2 protein chains.
Amino acid sequence: MSSASASEPDTGEILPDWVRPIVKESLSERAYRELRVALMRGQLRPDTRLRLRPMSVRFGISATPMREALLRLVAEKALALDARGTVVVPRLTLDQLLEIRAIRTDLEGRAAAAGADRRATEVDELEAIHAQISQCHASRDFARAVNLNTEFHLALCRLGQMPILYEIVELLWVRCGPILSHLYDNGVPDWEPHPHRRIIDALRRGNSDAARDAVREDIEHGGSGLFAHVRA
Amino acid sequence: MSSASASEPDTGEILPDWVRPIVKESLSERAYRELRVALMRGQLRPDTRLRLRPMSVRFGISATPMREALLRLVAEKALALDARGTVVVPRLTLDQLLEIRAIRTDLEGRAAAAGADRRATEVDELEAIHAQISQCHASRDFARAVNLNTEFHLALCRLGQMPILYEIVELLWVRCGPILSHLYDNGVPDWEPHPHRRIIDALRRGNSDAARDAVREDIEHGGSGLFAHVRA
DNA sequence: GACTGTAATTTGTTATAACAAGCATCAGGC
DNA sequence: GCCTGATGCTTGTTATAACAAATTACAGTC
């Protein structure tokens, strides 16, 4: 047909850059993605129930793709099912929060170590994010600081060039999303130097062990404000 | 009502053991579970396409729950979607296999360390599994040895009492399922003592560092037979 | 024979309806 | 007042059909 086929077209001619595969995003995909960022941004409170039909009218789609989007997030443990089968925003338990921190220590630590021999320009992105975080702390804009902190850790993980690890860590952050807004409830710990800085410096020196240790310290000593919002 | 309610019934009477919550397993859940164990047991070869309607007739259910089961496994990355949107058994790349091993080193290592102060009876289960593995090696029953090896590692992870970590590790094993049957293609490495034994001994001594190291060695030096069946 | 255009089949996607189970509301009786 | 029972509504689950896109099969043409 006239449309560009994926497998080698007729001519050996090189295609212009603007010829790229059409991305067809299904309705369920769109709902899924929207809900996911809402979760990560802390816009859905724990114990909120996401009933199927009300949700589908809110998204302007039918029940089938809506159910698909919700169940996908349930499969990722970003959402949960209550006894009735209704989708609900889960409330982390203390044990779960501690476990997530332990796993993050291992995985983010490994990603940082793996990213220690990266080009300087890639570390610049981290530097820029941390600069914005400091700025937010100064101006007391904690809501934005929370999201930037998340972005810092995820960008750090991307540096490790380990897609599977990244995906796991991202899921852990999504699971913490609903309580992340309380990250700085206990105030901002005024450690000197900030662990983020120690991470960045270690990366620039190419010292993978130091990077791993700095990540561990950042995870272990931060986030104390979250403990007030977990169960048991 | 007449049915046993979950929250404390009228009387303070202790309920007999045989009174247990009714488990209503949906059709999609059943299909999901069946496909999952088939995957973990290596009964689905990479690149196999699982088309929606043929699958649903094979399971004797309609398209909706079938699609739900398939997409749930896709969400867990145990299955994948090709360009057309057809569900397909993924073929691991070399990078993915290496990454999975690295992640398993961290997580299974942590689980082993956390399980080092467990009751002796729980370690006995590991001992029993490993005994069966040795037996299978002796009798050249490699197909069973593969499944037992998987069970050994998962049982070890359960010892750590970290549900989130366990679930992540289990997913990694499911992803390797389709090529796991080739675990011993290069023969059984006749190391002495077997890393499993070192793991068990370390657990019995309550030495978490030794347990972690033994796990690392088991993961790093085992599974060389898999590399022949990954891409790139 | 190789290529091309068309028809038929199969594919994933979405909407809709039927179903059963659960919950809430409210009237009625003690 | 409090409990009981019925009714109606809302919930998740499943089946089915309509749709569009893509692939396949096949015949016609050069």
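Keep in mind it's a predicted model, so treat the numbers as computed, not measured. Labels below follow one simple rule: chain letters A, B, ... track the order of the sequence lines, proteins then strands, and each chain is numbered from 1.
In this structure, B:E68 places its CD atom 7 Å from P of D:dT14, rounding to the nearest Å. Taking atom CG of residue A:L52 and atom P of nucleotide D:dT13, one finds them 8 Å apart after rounding to whole Å. Put simply, CG on B:L50 is 18 Å from P on C:dT10, counting in whole angstrom units. Here the P atom of nucleotide C:dT14 and the CE atom of A:M66 are 12 Å apart, to the nearest Å. Note: CZ (A:R49) to P (C:dA24) measures 8 Å, nearest angstrom. The distance from atom CE of A:M55 to atom P of D:dT10 is 17 Å, rounded to the nearest whole Å. Straight-line distance from the CD atom of A:E25 to the P atom of C:dG12: 20 Å, rounded to whole Å. We find that CG of A:L70 is positioned 13 Å from C1' of D:dT11, with the value rounded to whole Å.
Comparing B:T86 and B:T64, the nucleotide of DNA chain C nearest to each residue sits closer to the 5' end for B:T86. When each of A:V87 and B:R53 is assigned the nucleotide of DNA chain D with its nearest heavy atom, A:V87 is the one assigned upstream, toward the 5' end.
Heavy atoms of B:S26 sit under 4.0 angstrom from primed sugar atoms or phosphate atoms, though from no base atom. As judged by a 4.0 angstrom heavy-atom cut-off over every strand, A:L27 is placed among residues touching the sugar-phosphate backbone only.
Note on A:R84: a side-chain N or O is less than 4.0 Å away from OP1 or OP2 of C:dC23.
At a cut-off of 3.5 angstrom, the base of C:dG12 holds no donor-acceptor pair with the side chain of B:R67.
Side chains of B:R144 and B:Q132: a donor-acceptor N/O pair is present below 3.5 angstrom, by distance only. Side-chain atoms of B:E76 and B:Y32 include a donor-acceptor pair closer than 3.5 Å.
By the 30° and 60° cut-offs, the orientation of the rings of A:H196 relative to A:F152 is parallel.
More than 12 heavy atoms of other residues, nucleotides or ligands sit less than 6.0 Å from atom CZ of B:R118.
Residue B:R158 forms a salt bridge (Lys or Arg N to Asp or Glu O under 4.0 Å) with just one option from B:E151, B:E170, B:E167, and that option is B:E151.
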